[in-house]
Amino acid sequence: MLPKGTRDLLPDDMAKRKYIVNAITEVFEQHAFRQIETPAIELNKTLSGKYGEEGDRLMFKVLPRGEKLNSLANQSIEFIKSNIEEALRYDLTVPFARMVVDQRNHINLPFKRYQIQNVWRADRPQKGRFREFTQCDADVVGPAGIIQEAELLHIYHRSFHTLNIPVEIRLNHRSLLQGLAELAGASDKLVAFTIGLDKLDKIGWNGVEEEWRQAGIPDIQPEVKELLLTKGTLEKLLPILEKALESIPSAKRGLLELRQLSSILSNAPLGNTALKLDLSLARGLNYYTGCIFEVSALGADMGSIGGGGRYDDLTGIFGWKDLSGVGISFGLDRIQLVMEQLNSFPNDIGLNAEVLFANMDEASSIIGFKLAQELRSKGMRCEVYPVAAKMKKQIDFAVKSNIPFLVILGENERLNQEVTLRNLATGEQSSFSQNDLYEKLK
RNA sequence: GUGAUUGUAGCUCAGUUGGUUAGAGCGCUAGUUUGUGGCACUAGAGGUCGCCGGUUCGAACCCGGUCUUUCACCCCA
């Protein structure tokens, strides 16, 4: 029995996850990100209020214990809620911001860190959604340059390319959304405007208009609608936007930054990864202020497998004003599911033993144990069957464990100082001196 | 948080309008085979029918509640 939305991870799962994590880690490290970890529990006041109302609802709170709990016995729910001291990490970004401020004397700007840890959300589980899951984040804080956004996009590209997952990265910019809202006459209703627009893929244009109508946003002019519905590459769309938003001051930053990004990427392109400018991309987290990204796997039935963006002042709430940060996140669990769907994993991924020493009797198994130690010291993975069970049982175990070779060492072999080596795939076997075992296996 | 959906052996699932002792396949254990796997045959173990309550002479089956699974919405990785 497990709490809902949690899973046991079996050896095959772990092998797959390790494979993914290794690929991503290598890319992070090539880009000079360095790994950190932060505690699973944070102070409630550190986390609450940082993720909007929805986030507060989904955060796992830690109940006080002992006397503190007793003292809450007759209090109101509201009072109890306000006295909760600890909560489980909800994402990796806010704890990172907290750490940057706490550890400001021990870090060096620009500070690039990566972090691969579990986070917890008290959501209702469904496809690709768990209550305990793993995020792989790379963020940089310090002097802000659009070159960082370009770098992060390359990290996405290279990681997913290595993992053999075809992806599409969708890109947008908060200031563009603001400019568009202004153009649409909804500048005072930016949130409702973007939330509605974000649903375009799901509910279609008419649905979006309906949502806007309910939020009191005036009808959209046809030319603005056309603009909002346009999707395409940065190169193609940017000139159109530059023209349309020319006179809107709030869009200026977005246009400038995307123009810079475009020139960087035209010199160092993202290979076969599709980058699309998608004006309907909003992303919920309310601290994003610049570029925003979202990654989805092509040909897989799964939501986004990664996302991120720039936040100009995340550390401000912890007492360090105007420190800019930009980061991305990989959803490990969803990536694993997508790779299973798309058959993207190589075959030889699980690290099984390469050799099993059958156990025929105690005297022989002592020699087998010694030989196994010798093979291990030469880098070979092997194991000795622990008891003198029936051969059938031992072979069965080897086959089911995907162990390709069986060493048989019983009384006959022992007396001749030999071993018998059986190839379990072909059934071929031969006997030779114990001294030759490594040579024959390698 | 909203709306559906699922729960019977280790796994996948049957189970008649409510009626005696709840079944199958696969898997597992043992044997046919005392040192050789995938096949075959034989035998065996394994179930408070998710849980609590109700209706009934009688409930796996009907009703209520609850937990769980899966899915969609919300939101997100």
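As the structure is a computational prediction, the values presented were derived from the model and not from experiment. Side chains included, hydrogens not; waters and symmetry mates left out as well; all remaining heavy atoms used. The chains referred to below are lettered A, B, ... by the order of the sequence lines, with proteins before strands, and numbering in each begins at 1.
Judged by a 6.0 Å distance limit and a 45° cone about the ring axis, A:Lys50 is not positioned over the six-membered ring of A:Tyr287. The cationic atom of A:Arg7 (NZ for Lys, CZ for Arg) lies less than 6.0 Å from the six-membered ring centre of A:Phe130 and within 45° of the ring axis. No cation-pi contact links A:Arg121 to A:Phe133, judged by a cut-off of 6.0 Å to the six-membered ring centre and 45° from its axis.
Atom CD of A:Glu26 has 12 or fewer heavy atoms from other residues, nucleotides or ligands within 6.0 Å.
Pairs engaging residues 349-376 of chain A under the side chain to side chain donor-acceptor pair (under 3.5 Å) rule: A:Asp361-A:Ser364, A:Asp361-A:Arg414, A:Ser364-A:Arg414, A:Gln373-A:Arg376 [sequence neighbours left out].
Rounded to whole Å, atom C1' of B:C74 lies 15 Å from atom CD of A:Gln214. Between the CG atom of A:Asp123 and the P atom of B:C76 there is a distance of 10 Å, given to the nearest Å. Atom pair A:Arg131:CZ and B:C67:P shows a separation of 12 Å (rounding to whole Å applied). When the C1' atom of B:C76 is taken as reference, atom CZ of A:Phe293 falls 18 Å away, rounded to whole Å. At whole-Å resolution of the value, CZ in A:Arg7 and C1' in B:A77 are 11 Å apart. A:Leu356 has its CG atom 13 Å from the C1' atom of B:U36, to the nearest Å. What separates CZ of A:Phe160 from C1' of B:A77 is a distance of 10 Å, to the nearest Å. Computed from coordinates, the A:Asp198 CG to B:C73 P distance equals 13 Å when rounded to whole Å.
Note on A:Gln394: nothing from the nucleic acid sits closer than 4.0 angstrom, heavy atoms only. Nucleic acid contact class of A:Gly52 (heavy atoms, under 4.0 Å, all strands): none. As judged by a 4.0 angstrom heavy-atom cut-off over every strand, A:Ile195 is placed among residues touching the sugar-phosphate backbone only. Residue contacts shown for A:Phe130 include a base, since a base heavy atom lies under 4.0 Å away. A:Ile408 comes within 4.0 angstrom of a nucleotide base, judged by non-hydrogen atoms across all strands. Nucleic acid contact for A:Gly303: none, since no nucleic acid atom lies under 4.0 Å from a heavy atom of the residue. Residue contacts shown for A:Lys202 include a base, since a base heavy atom lies under 4.0 Å away. Counting any heavy atom pair closer than 4.0 Å across all strands shown, A:Gln135 reaches sugar-phosphate atoms only and no base atom. Using a 4.0 Å heavy-atom criterion, one finds that A:Gly308 contacts no nucleic acid atom at all. Among the heavy atoms of the strands, none lies under 4.0 Å from A:Asp333. Nucleic acid contact for A:Gln336: none, since no nucleic acid atom lies under 4.0 Å from a heavy atom of the residue.
Rounded to a whole angstrom, the distance from the C1' atom of B:A60 to that of B:U16 is 13 Å. Using P as the reference atom, B:U5 and B:A9 are 22 Å apart when rounded to the nearest Å. With both ends at atom P, the span from B:A22 to B:G1 equals 40 Å, rounded to whole Å. Atom P of B:G47 sits at a distance of 13 Å from the matching atom of B:C11, rounded to the whole Å. Here, B:U6 and B:G65 have their P atoms 16 Å apart, quoted to the whole Å. Spacing of P atoms, B:C61 relative to B:U21, comes out at 16 Å, to the nearest Å. The gap from the P atom of B:U12 to that of B:G27 amounts to 15 Å, rounded to the nearest Å. Between B:U48 and B:G64, the distance separating the two P atoms is 27 Å to the nearest Å.
Judged by distance alone, the side chains of A:Asn164 and A:Ser344 never bring a donor and an acceptor atom under 3.5 Å apart. Side chains of A:Glu210 and A:Gln214: a donor on one and an acceptor on the other come within 3.5 Å.
Taking every side-chain heavy atom of A:Lys199 into account, B:C75 is the closest of B:G27, B:G31, B:C75. Which of B:C74, B:C28, B:A72 sits closest to the side chain of A:Lys127 comes down to B:A72. Distances were taken from every side-chain heavy atom of A:Lys4 (C-beta onward) to each of B:A77, B:C73, B:U69; the shortest belongs to B:U69. The nucleotide whose nearest atom lies closest to any side-chain atom of A:Ser304 is, among B:A77, B:U36, B:U70, B:A77.
Look at A:Gln126 and you'll find a side-chain N or O under 4.0 angstrom from OP1 or OP2 of B:A72. Contact annotation: A:Lys393 does not reach the phosphate of B:G31 (side-chain N/O to OP1 or OP2, under 4.0 Å).
Stacking of A:Phe330 onto the six-membered ring of B:A77 is not present when judged by under 5.5 angstrom between centres and under 30° between planes.
Aromatic ring centres of A:Phe330 and A:Tyr156 lie closer together than 6.0 Å.
In terms of the side-chain contact (heavy atoms from CB on, under 4.5 Å) criterion, residue partners of A:Ile147 (sequence neighbours excluded) are, by chain and number, A:Ile264. With sequence neighbours excluded, the residues forming a salt bridge (Lys or Arg N to Asp or Glu O under 4.0 Å) with A:Glu151 are A:Lys112, listed by chain and number. Applying the salt bridge (Lys or Arg N to Asp or Glu O under 4.0 Å) criterion to A:Arg158, with sequence neighbours excluded, gives no partner residue.
Taking only distance into account, the side chain of A:Arg124 never meets the base of B:C71 through a donor-acceptor pair shorter than 3.5 Å. Residue side chain A:Glu413 reaches the base of B:G35 through a donor-acceptor N/O pair under 3.5 Å, judged by distance alone.
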Which protein N or O atoms sit under 3.5 Å from an N or O of nucleotides 38-43 of chain B?
none

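For RNA chain B, the stems formed by at least three consecutive Watson-Crick or G-U pairs, with both atom-pair distances below 3.5 Å, span B:1-4 with B:70-73, B:10-13 with B:23-26, B:28-32 with B:40-44, B:50-54 with B:62-66.
Residues A:Arg129 and A:Gly410 each lie close to RNA chain B; by heavy-atom proximity, the contact nearer the 5' end of the strand is made by A:Gly410. If you find the closest nucleotide of RNA chain B to A:Phe133 and to A:Gly5, the one lying nearer the 5' end belongs to A:Gly5.
A salt bridge between A:Arg170 and A:Glu294 is present, with a side-chain N of the basic residue lying under 4.0 Å from a carboxylate O of the acidic one.
Scanning both residues, A:Leu228 and A:Phe193, for their nearest heavy atoms gives CD1-CZ, 4.3 Å.
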